[in-house]
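Order of listing sets the numbers, starting from 1, for every ligand and every atom in it. The first residue in the sequence is number 1, and the count goes up from there.
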Amino acid sequence: MNKKLRKAVIAGNWKMNKTPSEAKVLLEEMIPLVKDADCEVIACVPYVDICTAVDTVKGTNIKIGAENCHWEEKGAFTGEISTGMLKELGVEYVVLGHSERRQYFGETDETVNKRTKAVLKAGLKPIVCVGELLWERKCNITEEVVARQIKLDLFDVSAEEVKNVIIAYEPVWAIGTGVTATDDQAEEVCALIRETLAKIYGQEIADGITIQYGGSMNDGNAEALLSKENVDGGLIGGASLVAGKFAAIVSAASK
Ligand code: PEP
């Protein structure tokens, strides 16, 4: 079973929630609850929380991620944040191509690709989000939509570099809606993502890549989703803002 070769990764995506002082309180609550985790535990937090978050989790098993970044190293890009800025603060992961960024901020596969390459070049690890709209699922084109996103988002990413990429399969209709993909739906698309990766990079490399599921994952459904062969972790929105719920998902991933 190749699943055993891959370390499970549970990442919280806090979105635009928590001020720095609130971030400190939440992380302090989480630290003792996840300290024995047998999986990677990440909190992806708003930019302004990063300093506090990195400081709060120092010496613990929680890693800090950002929720986006720009692809250029520096320059006239008012309001943007570079990989170098994130790295200097102690960030290790960056969420890219989240559906909310695609939906509200004009993110395209081309810009996700540029960001992915910049993040890898900086020695950070991208969590690249892909997933179909409800309309696309209804039209029975989930497979082509997700395969296309993988091919475009990872264009020109080498076999060596892709080992540091995490893919998050996030069906857009399941994000923040309380509607979760069934275990079988999640497994079907995560397996298809692995097949697509295998076509590009070969089976061995594809077998080593962590593929998360995201979309209303919570303490009640995590264990079943995470038991699937190709679901190696979770990207968690709402439930990552409640220490007990997030810790329960981390425990499910540690089994
Ligand atoms: C997300 O923001 O990536 C997400 C999966 O959100 P939620 O868990 O709230 O659906």
Around [atom], find the nearest protein heavy atom and jot down its residue, atom name and distance.
| atom | result |
| --- | --- |
| atom 1 (C) of ligand 1 | H98 NE2, 3.2 Å |
| atom 5 (C) of ligand 1 | E170 OE2, 3.1 Å |
| atom 8 (O) of ligand 1 | G237 N, 2.8 Å |

Can you name the atoms of ligand 1, numbered from 1 with element, that are less than 4.0 Å from a heavy atom of [X]?
| X | result |
| --- | --- |
| A174 | 10 (O) |
| N13 | 1 (C), 2 (O), 3 (O) |
| L235 | 3 (O), 5 (C) |
| G215 | 5 (C), 10 (O) |
| S216 | 7 (P), 8 (O), 10 (O) |
| G176 | 7 (P), 9 (O), 10 (O) |

Please determine whether a side-chain nitrogen of the Lys or Arg among [X] and [Y] lies less than 4.0 Å from a carboxylate oxygen of the Asp or Glu.
| X | Y | answer |
| --- | --- | --- |
| R137 | E132 | yes |
| D38 | K255 | no |
| E73 | K121 | yes |
| D153 | R102 | yes |
| K125 | E92 | no |

What I want to know is whether G238 and ligand 1 share at least one N or O pair that is separated by under 3.5 angstrom.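 So ligand 1 has an N or O lying under 3.5 Å from an N or O of G238.
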Would a distance-only check, ignoring hydrogens and angles, find a side-chain to backbone donor-acceptor pair under 3.5 Å from N113 to F155? yes
Of V172, T196, I193, which meets side-chain contact (heavy atoms from CB on, under 4.5 Å) against V130? I193
